[in-house]
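A note on names: the letters A, B, ... follow the listed sequences, proteins ahead of strands, and every chain is numbered from 1. All values below come from the heavy atoms of this structure, side chains included, with hydrogens, waters and symmetry mates left out.
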There are 2 protein chains.
Amino acid sequence: MSKALSHPEAEAIDLSAVLDALRDPIRRAIVLMVAEQGEKRCSSFLCCTTKTNLTYHVARLREAGVVRVRIEGPSRIVSLRRDDLEGRFPGLLDAVLAGARQDPPLARLVEDA
Amino acid sequence: MSKALSHPEAEAIDLSAVLDALRDPIRRAIVLMVAEQGEKRCSSFLCCTTKTNLTYHVARLREAGVVRVRIEGPSRIVSLRRDDLEGRFPGLLDAVLAGARQDPPLARLVEDA
DNA sequence: GGACTAGTTCAACATTCGTTGGACTACGGA
DNA sequence: TCCGTAGTCCAACGAATGTTGAACTAGTCC
């Protein structure tokens, strides 16, 4: 186990930060993929953007408390903090995910992955 | 000045734009006030920030499709597009409003107004 | 008309955001 | 140990964001 990545506590998840994280289509695509297909490696999202940029977006989702990232060998495994979000902002995640599914280009991105 | 301010059609309301609009605490305070107390004049929100800045934030809410602004004499009346939002992104607005109510400084701002 | 109220517009500015390329570290297998 | 894979870090850059003050317009009331 190398170093642990920092995540906000469930109670410390901030609404501004969550909305900010979910506002970006790339980040919403990542969240939607993880929501539909379960936890995934960072490299699964390379369809959306470049490696460097992915690090940036995943970090934003992690720092906002939307996803959890754990290190497994050479990979980072991204999972959704569904219960933490539901506990703090009931209905919010599902509403955003439903909205994201309505977005054709975004939904196509998720299918292709 | 022309009588009609531009608003997106209900079907054209974009998720990124809505999340973007609701991400800012000042804008969330405005939305919460209108949600709790019904339609209000722009000047009602002067507790939150300056006149100029208010014009900016109200315009962002309007352009995102979150609020409707109509001109009544010398005033602008701001109202929430609750049904349009609910139709497009069910549950989203209520989840955000519930989250906003949990935020003590923001809730206090709304009470004082 | 003149004063008053309500809000807009404009230019300026600092800050943050999203993106990129290149160099870098960490892990696992041959 | 060298190699390929997985991802990070850093510096840079343009674009968007949030804020401000001063000047402006538009409507109301005397």
Side-chain angles (χ1 to χ4, degrees), chain A residues 1-7 14 16-31 33-34 39-64 66-79 105-106 109 113, chain B residues 1-7 14 16-31 33-34 39-64 66-79 105-106 109 113:
Chain A
M1 273 308 167
S2 323
K3 47 186 159 194
L5 293 161
S6 88
H7 295 79
D14 178 62
S16 288
V18 171
L19 295 175
D20 205 47
L22 295 174
R23 160 189 68 127
D24 185 279
I26 292 181
R27 295 196 287 264
R28 224 152 49 225
I30 293 172
V31 170
M33 280 191 223
V34 179
E39 52 181 30
K40 295 185 82 67
R41 296 185 309 162
C42 278
S43 52
S44 318
F45 312 123
L46 279 174
C47 51
C48 307
T49 180
T50 61
K51 263 202 313 184
T52 305
N53 202 8
L54 210 46
T55 299
Y56 169 71
H57 284 300
V58 170
R60 292 212 96 213
L61 287 168
R62 174 175 54 77
E63 284 160 11
V66 176
V67 302
R68 196 171 290 281
V69 183
R70 75 170 189 281
I71 299 175
E72 202 159 277
S75 303
R76 269 69 176 157
I77 310 290
V78 179
S79 58
L106 199 146
L109 215 64
Chain B
M1 172 185 273
S2 69
K3 273 263 164 206
L5 293 161
S6 89
H7 294 79
D14 177 62
S16 288
V18 171
L19 296 176
D20 205 48
L22 295 174
R23 160 189 67 128
D24 185 279
I26 292 180
R27 295 196 286 263
R28 223 152 49 225
I30 292 172
V31 170
M33 278 190 225
V34 179
E39 52 179 32
K40 294 184 84 68
R41 295 185 309 161
C42 278
S43 53
S44 316
F45 312 123
L46 280 173
C47 52
C48 307
T49 178
T50 61
K51 263 201 315 184
T52 305
N53 202 8
L54 210 47
T55 298
Y56 170 72
H57 284 300
V58 171
R60 294 214 94 213
L61 286 168
R62 174 175 53 77
E63 285 160 10
V66 177
V67 303
R68 196 173 290 282
V69 183
R70 75 170 189 282
I71 299 175
E72 203 159 276
S75 302
R76 270 70 176 154
I77 310 290
V78 179
S79 58
L106 200 148
L109 216 63

Taking atom [atom2] of [N] as reference, at what distance in whole Å does atom [atom1] of [X] sit?
X     : N      : atom1 : atom2 : value
B:R27 : D:dG18 : CZ    : C1'   : 9 Å
B:K40 : C:dA6  : NZ    : P     : 14 Å
B:N53 : D:dT17 : CG    : P     : 14 Å
B:F45 : C:dT8  : CZ    : P     : 12 Å
B:Y56 : D:dT19 : OH    : P     : 8 Å
A:L61 : C:dC17 : CG    : C1'   : 14 Å
B:D20 : D:dA15 : CG    : P     : 18 Å
B:L5  : C:dA6  : CG    : P     : 18 Å

Has the side chain of [X] got a donor or acceptor atom that lies under 3.5 Å from a matching backbone atom of [Y]?
X     : Y     : result
B:S16 : A:R23 : yes
A:R62 : A:S6  : yes
B:R27 : B:L22 : no

Check: Nearest nucleotide by nearest heavy atom, which residue falls closer to the 5' end of DNA chain C, A:E72 or A:D24?
Finding: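 The residue mapped nearer the 5' terminus is A:D24.
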Next item on the list: Please figure out whether A:R23 or A:G73 has its closest DNA chain C nucleotide nearer the 5' end.
Entry: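 That would be A:R23.
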Notebook entry, point to check: By side-chain contact (heavy atoms from CB on, under 4.5 Å), which residues pair with B:R70, not counting sequence neighbours?
Noted result: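 Applying side-chain contact (heavy atoms from CB on, under 4.5 Å) to B:R70 gives B:E39, B:E72, B:I77.
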Check: Which of these nucleotides, D:dG21, C:dG21, C:dC17, is closest to any side-chain atom of B:T52?
Finding: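 Between D:dG21, C:dG21, C:dC17, the one nearest the side chain of B:T52 would be D:dG21.
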Next item on the list: Remember a base hit wins even if backbone is also touched, and classify A:L54 as base, sugar-phosphate or nothing at under 4.0 Å, heavy atoms.
Entry: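 If one applies the 4.0 Å heavy-atom cut-off, A:L54 turns out to touch nothing in the nucleic acid.
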Check: With the sugar-phosphate defined as primed atoms, P, OP1 and OP2, and the base as all remaining atoms, what B/S/- string results for nucleotides 1-7 of chain D, 5' to 3', for protein heavy atoms under 4.0 Å?
Finding: -----SB
Check: Is there a side-chain polar atom (N or O) of B:H57 under 4.0 Å from OP1 or OP2 of D:dT19?
Finding: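 For D:dT19, OP1 or OP2 has a side-chain N or O of B:H57 closer than 4.0 Å.
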Minimum heavy-atom separation for [X] and [Y], please, with both atom names.
X      : Y     : answer
B:A21  : B:V66 : CB-CG2, 4.1 Å
B:L106 : B:P25 : CD1-O, 3.7 Å
A:S44  : A:C47 : O-SG, 3.8 Å

